[in-house]
Every structure is written in structure tokens, then in C-alpha cells.
Amino acid sequence: MAGIKLDTLTKSYGDTQVLHHIDAEIEDGEFVVIVGPSGCGKSTLLRMVAGLESVTSGNVHIGDKRVNDLEPADRDIAMVFQNYALYPHMSVRDNMAYGLKIRKLSKAEIDRRVNEAAEILEIGQYLDRKPRQLSGGQRQRVAMGRAIVRDPQVFLFDEPLSNLDAKLRVQMRLEIRKLQKRLGVTSIFVTHDQVEAMTLGDRLMVLNGGYVEQFGTPIELYERPASIFVAGFIGSPSMNFLSGAANAGQVTLSNGTTIATGSTASGEVLLGVRPEHLKPEENGPFKMTIEMLEHLGGVTLLHGVLDGTDTQIVASLNGITDHQVGDQVSFAAKQSHLHLFDAKSEKRIEE
Amino acid sequence: MVENRPFLAILSHLILILGVAMVALPVWITFVGASHEAERMLQTPIPMWPGDQFFVNLKQTFWGSGLTGTSIAPVWMMMFNSLLMALMIAFGKIAISLLSAFAIVYFKFPFRMGFFWMIFITLMLPVEVRILPTFEVVADLGMLNSYWGLTIPLIASATATFMFRQVFLTIPDEMLESARIDGAGPMRFFWDILIPLSRTNIAALFVILFIYGWNQYLWPLLITTDADMSTIVVSIKQMLEAAEQSPEWNIIMMIALLAMVPPIFVVIAMQKLFVQGLTETDK
Ligand SMILES: Nc1ncnc2c1ncn2[C@@H]1O[C@H](COP(=O)(O)OP(=O)(O)OP(=O)(O)O)[C@@H](O)[C@H]1O
Ligand SMILES: [Mg+2]
């Protein structure tokens, strides 16, 4: 088993730099999720760890070995691709055994490992089928099986669930999580789905435009987002941002309302508050007129504009409420649920 | 077209039958001619129905001296020569173009596209165009009257290289990447992944190239002077000349018939793969 260390890693294609100074230490056995919008460099970073993409500068360590110049096969990793990349002309068994055959393992050992993986993943009855005779979920399992049989130091996943339907995705997500805990293999999982990221990862690395915005546990990211980007990215529906001016422990919103924050910050700020932290309260500071209601069953989303401004805000209330479009509602939020960000740098202002 | 009018159905069938008849009639006459005695073929009108001499003629043509009064090789030898030439051309072309397409698609080397276009440009240079210099080269290498001389100058193939390039480009990059993670080197990837994935295309190309090789005329005519090296397609033409003196039409027709057999056999044997190879795009 081994941890992974990324040391001022950068990547450029010609003149365009797509990853900037990535520093990270991933513990042995940890499950790290790299999350971010499309094109932010997630796959590139993962592929650099895999050895499929060259390193422009910096170092990648797996265990205590610097692997920059090693071929993927020599890095002791296994990768699961978004389209599974199963060999279409080989049976499921051969797909899983191919890498082992190349490594010249004995026939008995190969059989043992393949059967063991097939049992873990419950694909025993498909071993002699071709990939095209399997459903998407089953192919996904085979791709996992191919990774497991190799008994690697590191699992790398590049959006392996995005080709599955919503229900199967949730199910496979749990299975991957359980499997990883059971095998205890250090894993990096790339996704652009923040729910997937929050549920899977021990820690999340949020990437944006090739920069690491924040690297921490899901709870840290939720409770103390380091930037407006992370705050907006994590949580659904995403955080409300209200512009205002901070002064002496309070923020004056653009409609004149003042809200106590307990922060010593001053100057132009954005005040962030999550929809689920807005509670209806008479004379609460956040007043809005409801423009649209969304009943999701468990929660009701109230959409509207903050009175006296043109800032959209969303509130999420438990259960089914009897609000009507056009109602005026006031909300308040606990001081500990308020986030302050510098309007210019978009970074969090610490209390 | 899901129209269901009897008139249209009859018309389209008539047209199809007419087309089939136009293609099949000469073949039928060849077959009929090959099944009569030599004398019968000289009387008018020429027979339209098969006679009873087919197997006699077959035996005489294939194993006997063939046409009397000519100095050509026995027919089985000509067929063997043709077969060997067609196979060497087909396999040679496939092997070379698979390897060049592999190099062009999967390796980064200086002037890669330059090489690709150079190969592509040879489309404009079939043997017929470069026949004199090519003959000179083959003669200087001492390959006249040899199987190598017959086949090597025809082996380079831009069309096949281009086709395999297209096939390889449809194979997702992840296939190469997962093979790399599995530890497969380039040649291993080529054998274990690329060749099986191009199987149907190889088969389709084999059919086309086998027939191309089998039907070669000008080049074999030029470089084989030895009767033992002559191919069947070339010989048919020579026999027509010989027919001026001793018109053994039954034997000539039988040879023509024999010349058709291997291509037909290849097409029928590979039919399924052939169609798959030309139509399926999914990898
Ligand atoms: N071979 C390449 N040459 C030039 N630029 C590239 C190349 N590969 C990727 N890029 C660029 O690098 C950036 C990061 O790409 P990457 O594939 O890592 O994004 P991603 O975060 O995985 O996105 P997605 O969620 O859509 O998969 C993109 O802006 C992309 O345009
Ligand atoms: Mg990606």
C-alpha cells in the first residue's frame, strides 16, 4: 500500500498551462475525489498520476518512489475509464486476465484472482461473455474487476459512473465506496458531480481552471468553503451570494438591510448563505417576494428576488409548505451559517 | 421504398432479371462451351445447352497437355502461379499497410504527416504508370521470372494503408491506454488488440486484393518470359492467339472457367466478413 504525493505539479500543452502548481499529499488508503467543472483539468491530473500524460514540471510520487518517468504499467496502478475501455473481442475473463498474462503470472494464480474478483463483484456468470453482451452496469463491474485483479497500490477512476442511469449510479457509487474501504487501496476518483464527490470522498480536491481551490473533507468544504467558487460548487441548490459592505461586525446589503456577522472585516464583500440555512422568521433581515415554487417532496424551494435589489435568492424549507407565488417572506440565518467573501479576490474572509 | 404496387414489383424484378442475365450469359456460354467436344464447338449454331464432355475436358485441361500445339505450362501450374501471386500480393499488401497505418496512427515521429502524404500520393502511381522504371529495377535485382518479381512491386498499397488508418482512428484512445496500463508494449498491442479489432476489415480487404492480384495482367506479362512462370490470366490471352491455328474452344472455355473458380471461392468463403468489414463502423 502506498500514499501519493504531488509536488508543484504543472502541465502545459504548448503555451497553454492547464494545471498550475498542484501540491497534495494523499494518505495510504485514502479515497480522494477530484471535482470541478468541465475542462478544469481533472482528467489531465489523473492521467499524469497514471502515467498516460507527461509531467511538464514537478513530481509525482507513489509510495516513496518518484514515478515521473515510469510507464503506466510500472507504476502499480489500475485505472477505470469513463467508457470502460474493455477489449471488445475478449471475453470478460480474458479482459480481466490480460494484464496478468502479460505480467506472466501462473495460470493458477490468474484463475484464482479472476474468480475472486468475479465473486466480489458478482459477475461470475458473465465470465465467458463478450463486453457487448453486457449491460452498462455489468460492463462497469467488469472494468472494476479488471482493476481489482491487478492488486495495485492505487486505483484511478475517471468519471466511471457518468454513463449509467441515475439509479444505477447511486447504487454503484455505494458499491465502489464499500469496495474501496474493504480493499483499503488508495484511490483517486474524478467526477464533475458534486453529490458523487461529497458521498464518496474522504477528502475532496476542488479544481477550477487548473488551480486547486480547496482540498479538504466534505464537511470542511461545506462548512468553510475557501472561495466563492467552492461555496457555489458544493451544496445543492447552491449558496446565495448577496453583495454588500462590511463594517464593524456587520454587513450592509445593497438594499440597506444590515446583518450582524461578528466579523471584523471591512470593505466590499459578498455575503454567502445556503438555501437550507434560511429559516422563515417574521422581521428577518432577508426579505423576498416568491416568484416560483418547486415542490420536491422532502423540501420546498422558494425562488425570488431579494427586496430592493435584483439579486436572485433561493430558500429551501423542509416538507411541503403552503406558500404561494407572490407572497412576501422574511428569513433569518444563524450567524455561524453566514459566510463572508472578499468581493475582489473572491476568497473567504476568516473571522 | 415501401410502395406496394404489383406493377412496380414486376418492373423492378424484370430489370433485376435482365441485369442478372446480362452478367450470367457469358458465364453460361463458357460453361456450355467447356462441356462439348472440340468439333461441336466449330459447328453453327453454337450450343446453348451443356454437353456430356465436361469431365473429360476438365481432366484433359487440368492434368493433360492442355491445348495442343502451344508451348504454355500445364494448367495446374498456371493456376498455382496465379494463386501464389494473388496470395502473396494480398497478404503482402495487408501486412505492409497494417504496419504503416500502425506507425502513422500510433507513433509520433518527425514528418509523420509528410510520410502519410507520400504514401497517399502513390495512389497516383499504379504499376501501369511506372512500368518502365519498375521493370528496370526488378530486372537489375535479378527478379525477372520469379515470384518475388511478380509480387513485390505490387505490394505497396496506399489504399489499404489509408483504410487501416481510418479503422485505427475509430478505435478509442482508451483502448491503447488500458493496454499500456496492462503492460502491453507496442507490438503486443498491435497483435492482441489492433489485429483482432480490424479482423473484418482485413477480411474485406483480402477479398478485394486477392481478386486484384489474381487479375493482374500487364505486369506478369512483362516480367515472366518463362512458360513455367506464366499466370492463368495472361495465358488465356495467349491461348486466344493460339486458337487461330487450332481452335480447341472447349479447352479454352474450360481454362477460362477454371480461372474464375478461385476468386468465386474466396468471395463466397469470406462473404459474411466481407460485408461486415465494409459496413460496420462500430468498434
Ligand atoms: N491534448 C491536448 N492538447 C491541448 N489541450 C488539451 C489537451 N488535452 C486537454 N487539453 C485541455 O486541458 C484542459 C483540461 O482538460 P481535461 O480533460 O483534464 O478536463 P476535465 O476536467 O477532465 O473535463 P471533463 O469534465 O469535461 O472531462 C482543457 O481545457 C482541455 O482543452
Ligand atoms: Mg475528463
Side-chain angles (χ1 to χ4, degrees), chain A residues 43-44 46-54 67 70-91 94-105 110 130-132 139 142-150 152-160 163, chain B residues 94 98 101-102 105-113 163-206 270 272-283:
Chain A
S43 300
T44 308
L46 190 78
R47 293 160 54 81
M48 282 163 82
V49 177
L52 297 171
E53 208 74 69
S54 64
V67 296
L70 290 186
E71 267 293 298
D74 303 327
R75 294 189 180 196
D76 211 358
I77 51 138
M79 184 151 168
V80 179
F81 294 89
Q82 177 169 4
N83 61 6
Y84 317 139
L86 300 174
Y87 309 120
H89 58 292
M90 293 186 198
S91 67
D94 290 341
N95 259 290
M96 296 208 271
Y98 185 61
L100 304 182
K101 277 186 196 148
I102 291 179
R103 285 209 240 147
K104 302 216 162 54
L105 265 63
I110 293 178
K130 295 276 169 62
R132 103 179 77 84
R139 280 182 218 185
V142 177
M144 298 276 304
R146 196 165 61 166
I148 293 175
V149 291
R150 225 167 284 160
Q153 304 260 21
V154 176
F155 282 143
L156 303 172
F157 301 88
D158 193 354
E159 307 205 26
N163 285 343
Chain B
I94 288 174
L98 270 172
F102 180 49
V105 175
Y106 287 100
F107 290 85
K108 286 208 177 74
F109 50 91
F111 311 116
R112 182 163 69 137
M113 282 326 273
M163 196 185 108
F164 283 126
R165 174 178 176 266
Q166 297 310 97
V167 172
F168 292 170
L169 288 177
T170 64
I171 295 176
D173 291 343
E174 283 88 350
M175 213 57 77
L176 171 67
E177 291 170 351
S178 63
R180 276 179 74 188
I181 292 177
D182 271 332
M187 285 326 281
R188 185 115 202 200
F189 172 68
F190 181 71
W191 276 115
D192 289 354
I193 316 283
L194 281 188
I195 300 274
L197 286 183
S198 330
R199 196 179 56 111
T200 53
N201 306 83
I202 292 175
L205 214 58
F206 177 80
M270 309 276 265
K272 215 172 127 207
L273 284 175
F274 180 74
V275 174
Q276 270 179 20
L278 293 185
T279 53
E280 93 182 350
T281 50
D282 192 28
K283 279 282 167 273

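So that the names make sense, note that chain A is the first sequence line, chain B the second, and so on, each numbered from 1.
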Item checked: Any B/Phe102 side-chain heavy atom under 4.5 Å of B/Phe164 side chain -> no

Can you say whether [X] sits under 4.5 Å from chain B via the side chain, the backbone, both, or neither, judging by heavy atoms?
X	answer
A/Leu86	backbone
A/Phe81	side chain
A/Arg75	neither
A/Arg132	neither

Notebook entry, point to check: Does CZ belonging to B/Phe109 count more than 12 external heavy atoms closer than 6.0 Å?
Noted result: yes

Check: Within the side chain of A/Asn83, is there an N or O that forms a donor-acceptor pair under 3.5 Å with the backbone of A/Ala85?
Finding: yes

Check: So, the side chain of A/Arg103 versus the backbone of A/Ala73: is there a donor-acceptor pair under 3.5 Å, distance only?
Finding: no

Next item on the list: Name the option with the most non-hydrogen atom pairs under 4.5 Å to chain B; the candidates are A/Ile102, A/Asp158, A/Ile77.
Entry: A/Ile102

Next item on the list: Answer with side chain, backbone, both or neither: which region of B/Asp173 has an atom nearer than 4.5 Å to a non-hydrogen atom of chain A?
Entry: neither

Check: Quick one: what part of B/Arg199 sits under 4.5 Å from any heavy atom of chain A, side chain, backbone, both or neither?
Finding: neither

Check: Using 30° and 60° as the class limits, which term best fits the ring planes of B/Phe168 and B/Tyr106: parallel, tilted or perpendicular?
Finding: tilted

Notebook entry, point to check: Does A/Arg146 count as lying over the ring of A/Tyr87, i.e. NZ or CZ under 6.0 Å from the six-ring centre, within 45 degrees of the axis?
Noted result: yes

